[in-house]
2 protein chains.
Amino acid sequence: MSARTPDTARDIPEATVARLPVYLRALIVLADAGTATCSSEELAAAAGVNSAKLRKDLSYLGSYGTRGVGYDVEYLRYQIAREIGVTQDWPVVIVGIGNLGHALANYSGFRSRGFRVVALLDADPARHEEVVAGLDVRSFDDLEGIVEEHDVSIGVIATPAVAAQDVADRMVAAGITSVLNFAPIVLSVPEGVDVRKVDLSIELQILAYHEQRKAVTARAEDAS
Amino acid sequence: MSARTPDTARDIPEATVARLPVYLRALIVLADAGTATCSSEELAAAAGVNSAKLRKDLSYLGSYGTRGVGYDVEYLRYQIAREIGVTQDWPVVIVGIGNLGHALANYSGFRSRGFRVVALLDADPARHEEVVAGLDVRSFDDLEGIVEEHDVSIGVIATPAVAAQDVADRMVAAGITSVLNFAPIVLSVPEGVDVRKVDLSIELQILAYHEQRKAVTARAEDAS
DNA sequence: TATTGTGAACCTGTTCACAGCA
DNA sequence: TGCTGTGAACAGGTTCACAATA
């Protein structure tokens with residue numbers, strides 16, 4: 001039975017998992033620039049981390065470098081893509097086609113980085129006329145059919161906060177097990193379902209906190 | 001000289017800082033629902049963390065609760081808003097008014113959570129005709145004047161990756177010291193400038209990694 | 001010789017469990 | 001009595017520094 005267990009079954013720390021996509025992005029830039037080989041120092045610089053951290057992270061995947069030489073850009077790129085699971089495209093549905101949903105539907109980065117938007121859904125019938133990014137905006141009631149048809153396991157929520165929990169519940173019931181949530185609300189989902197959230201205001205507030213402290217520190221230094 | 005040093009000068013762990021906006025959001029929901037008082041257990045549930053972590057986080061700010069009772073919602077809300085620095089609005093400029101820039105300009109959450117978009121800038125003259133969210137889209141060359149006029153210290157970059165570093169350099173030169181970057185590229189900025197990044201594809205890739213492992217685990221269990 | 005891969009030390013963040021207090 | 005605030009134990013993540021090796 002272990003014959004089916006792939007060699008990617010190692011346990012990779014969460015912090016490392018969150019950085020693998022950054023390394024992959026950096027490798028793609030290097031590959032596009034025609035670079036065949038890079039040292040941990042170079043790759044780390046391109047990814048915005050220090051080289052010790054990069055090497056430690058890569059060591060969880062295996063020994064893909066060559067001592068005294070560095071890493072083969074294409075080879076490492078493939079290994080990381082395989083580890084993340086983006087060697088084939090993942091079908092994705094986006095629910096909530098307001099301003100943000102529009103932007104997400106049109107975002108070319110999804111297509112080029114391992115994702116394919118298969119449907120855009122909105123609860124508002126007034127939006128069902130529209131074609132966005134080459135896709136018809138469809139009724140939210142089509143969710144179950146689309147998930148089944150395309151075997152979708154990742155859903156994106158770009159609705160207002162009040163609708164988000166209902167959307168999440170329907171997604172989970174339909175078989176979706178990973179959710180990217182842009183609504184400013186904490187979703188509750190059953191065990192086994194992953195949720196990641198992006199809250200634009202929270203990011204700005206974190207900056208504001210540090211900005212405020214800069215001002216405070218500057219004033220304190222002025223005074224002394 | 002220490003008379004000017006406010007009592008917010010304590011050193012708050014970064015992980016705590018990142019959660020304060022979440023607590024603030026939860027408190028606003030509770031306040032809007034008419035809740036006057038809440039326990040650490042209730043607030044933690046609303047914020048999606050455990051109560052021990054919440055209490056520990058709040059303890060870095062001070063002792064704002066009452067033993068045996070809980071927290072006064074309005075009082076704690078104000079204290080956290082003050083700590084973050086969002087009791088007054090921060091002026092913000094957005095550069096890059098494509099799909100995402102449009103969505104950000106129209107995002108009501110900024111206005112309601114301590115930020116005011118004072119200008120929209122784009123390098124493409126074809127976009128300077130447009131009015132988005134009630135603001136004229138202006139030339140990127142107006143950056144310096146706007147930063148000075150409105151005393152802007154926070155900038156948002158929503159340009160394509162190729163333009164982002166140039167935009168960041170101009171922002172820093174103009175006096176901006178905090179940047180929220182949506183372009184999929186690592187920005188290099190001088191000491192003292194904060195950058196936070198949001199990369200939509202990276203979030204999806206992290207979900208994909210876990211999704212892939214679910215499939216692997218399920219197969220391994222089937223086989224045994 | 002140059003650079004990787006990694007144990008060990010260190011540091012940060014989380015959880016426990018209970019003392020302190022309204 | 002009930003809930004906060006917090007030391008102490010624990011877990012996870014980062015950095016150091018060097019042995020392994022192409």
Side-chain angles (χ1 to χ4, degrees), chain A residues 7 10-23 26-27 30 35-77 79-80 83 186 202 206 209-210, chain B residues 7-8 10-23 26-27 30 35-77 79-80 83 186 202 206 209-210 213:
Chain A
D7 56 351
R10 276 169 297 265
D11 206 41
I12 299 180
E14 196 50 42
T16 298
V17 170
R19 282 188 295 265
L20 290 180
V22 180
Y23 303 152
L27 285 165
L30 288 173
T35 310
T37 286
C38 68
S39 67
S40 65
E41 203 70 56
E42 290 164 330
L43 182 53
V49 302
N50 69 51
S51 63
K53 191 187 277 183
L54 171 79
R55 289 199 305 277
K56 181 67 110 178
D57 283 341
L58 295 183
S59 77
Y60 293 116
L61 315 193
S63 288
Y64 295 138
T66 308
R67 291 170 202 243
V69 177
Y71 301 92
D72 181 283
V73 171
E74 281 297 348
Y75 180 63
L76 185 58
R77 172 187 174 171
Q79 293 302 336
I80 293 180
E83 191 72 43
V186 176
I202 284 180
I206 296 168
Y209 170 82
H210 293 293
Chain B
D7 55 353
T8 53
R10 274 169 300 264
D11 204 41
I12 298 180
E14 196 51 41
T16 297
V17 170
R19 283 187 295 266
L20 290 179
V22 181
Y23 302 153
L27 285 165
L30 288 173
T35 310
T37 285
C38 68
S39 67
S40 65
E41 202 70 54
E42 290 164 329
L43 181 54
V49 301
N50 70 51
S51 63
K53 193 186 278 182
L54 172 78
R55 290 199 303 278
K56 181 67 109 180
D57 283 341
L58 295 183
S59 77
Y60 294 116
L61 314 193
S63 288
Y64 295 138
T66 308
R67 290 168 203 240
V69 178
Y71 301 92
D72 181 281
V73 171
E74 280 298 348
Y75 180 62
L76 184 57
R77 172 187 174 171
Q79 293 300 337
I80 293 180
E83 191 74 42
V186 176
I202 283 181
I206 295 168
Y209 170 82
H210 293 293
R213 304 212 82 198

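In what follows, every chain begins at residue 1, and chains take the letters A, B, ... in the order their sequences are listed.
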J.: Rounded to whole angstroms, how far apart are CD on A:Glu41 and C1' on C:dT1?
T.: 17 Å

J.: Between A:Asn50 and A:Arg67, who's closer to the 5' end of DNA chain D by nearest nucleotide?
T.: A:Asn50

J.: To the nearest Å, how far apart are A:Tyr71 OH and C:dT3 P?
T.: 12 Å

J.: Measure OH/B:Tyr23 against P/D:dT4 and give the value in whole Å, please.
T.: 13 Å

J.: For the pair made of OH in B:Tyr64 and C1' in D:dG5, what is the distance, rounded to whole Å?
T.: 14 Å

J.: Could you tell me which non-hydrogen atom of A:Val186 sits nearest to which non-hydrogen atom of B:Gly48, and how far apart they are?
T.: CG1-CA, 3.9 Å

J.: If you count every heavy atom of other residues, nucleotides or ligands that lies below 6.0 Å from A:Glu41 atom CD, does the total exceed 12?
T.: no

J.: Mind calculating the distance between CG (B:Asp72) and P (C:dA22) to the nearest angstrom?
T.: 17 Å

J.: At their closest point, which heavy atom of B:Ser39 faces which heavy atom of B:Tyr71, and how far apart are they?
T.: C-CD1, 4.3 Å

J.: Between C1' on C:dT3 and CG on A:Leu58, what's the gap in Å once rounded to a whole number?
T.: 13 Å

J.: From NZ of B:Lys56 over to C1' of D:dT6, roughly how many Å is that when rounded to an integer?
T.: 5 Å

J.: How close or far is atom C1' of C:dT3 from atom CG of A:Leu54, stated in whole angstroms?
T.: 12 Å

J.: So which nucleotide from D:dA8, D:dT15, C:dT4 ends up closest to the side chain of A:Ser40?
T.: C:dT4

J.: Does A:Val17 reach the side chain of B:His210, with side-chain heavy atoms less than 4.5 Å apart?
T.: yes

J.: Of A:Arg55 and B:Ala15, whose nearest nucleotide on DNA chain C comes first from the 5' end?
T.: A:Arg55

